[in-house]
Amino acid sequence: MQVHNGLPRPAWLWFLIFGGLLYLGNRLIFPAPPPVLGPPNPAEIAALTESFTQLAGRAPTADEQSGFIDQWLREALLFREAIDQGLHLSDPAIQQRLLRNMRFLEPETRQSDAQLIDRALELNMHLTDEVIRRRLVQGMSMLLIASVDVAPPDTDALEAAFKQRRDSLMEPARISFSHRLLGDIASDEAARVLDTLITSDTSPEEAADLGEPFVFGHAFEAISWVQVSARFGPAFTRRLRAMTEASPDITGWVGPVASTFGQHVLFIEKFAPARQQTFEEAEAILHADLMAEREQAALDQAIAKLMSRYEVLTQ
């Protein structure tokens, strides 16, 4: 090897070595700035604020307003990470969404599905479609949770949660009854029909031909007050609920009870008041709740780790 000015040749090799050392030193002393996340879109924050105000009937507090900003930043982060990982390129639902959008814009096109999807990606449609954005945010969230080993709750954890939440773990009141819709008649006329049913000791089966057809049927087994209200309306439910609260052991023909459909007479088979659930009844719910909490904690931790790589701008 030839030596020139104390350095072995070839000289170009030393230029590469010194250049590489200078580059590494520059990166160590002056590292590349982190990518920027934010600031939040003012219009989107305003929309979140307006939606909250309409639902809650009041303006959000300062902490709640700050929560809207945190939510925006989290979703922006998840969306960016999903795009960086190419989730939009492998999701069949997103492909179909892009294809539908392109065929709506160009209904006469003769291009193939694959060509239209490629064009949609070139036009960055996946970056502006809100449905795609939501799906990618959800998909990235699930991917982050799946990347963490979330241990399911054991029996001790479930029993501890049961003791802590026992007062809120309630089995709703349930009622089993048959009814006959008498239609739009006066309440005193409906009362006379009820008296006839009681005095003749008529069974629900024997009264099958009485009254008018009812869209939801005539017999209901162990349904809650929410389910009663969904079928008969709130006024009917309040009246029937008052009867059972006044006499929890009530059975047989009762009424008349009015709904938006008209007057009804009812044959109550059984009523079970609301009660606290047993551990066995609540176990599945507790397991799902604890798993959801643990997965949310894992997701929060993963998002915080990703967020630390960014320069976050809140305004």
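Just the heavy atoms: all of them, side chains too, but no hydrogens, waters or symmetry mates, feed the values below.
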Contacts of type salt bridge (Lys or Arg N to Asp or Glu O under 4.0 Å), residue R134, not counting sequence neighbours: E75, E130
Flag side-chain contact, heavy atom, 4.5 Å: Q85 against L143: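 Yes, side chains in contact.
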Main-chain N/O of [Y] paired to [X] side chain as donor or acceptor, under 3.5 Å:
X: R180; Y: P204; result: yes
X: S141; Y: V137; result: yes
X: S247; Y: M243; result: no

Partner residues of R110 under the side chain to side chain donor-acceptor pair (under 3.5 Å) criterion, sequence neighbours left out: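 Result, side chain to side chain donor-acceptor pair (under 3.5 Å) vs R110: none returned.
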Donor-acceptor side-chain pairing of T49 and Q65 below 3.5 angstrom: yes
Inter- and intrachain pairs under salt bridge (Lys or Arg N to Asp or Glu O under 4.0 Å), touching residues 244-269, at least two apart: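 Listed once each, the pairs are R241-E245.
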Salt-bridge contact R275-E281 (side-chain N to carboxylate O under 4.0 Å): yes
Transitive ILVMFWY side-chain link V228 to W253, under 4.5 Å: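 No.
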Connected via hydrophobic side-chain network under 4.5 Å: L89 and L123: yes
Interatomic distance, I223 atom CD1 to F232 atom CZ [nearest 0.5 angstrom]: 6.5 Å
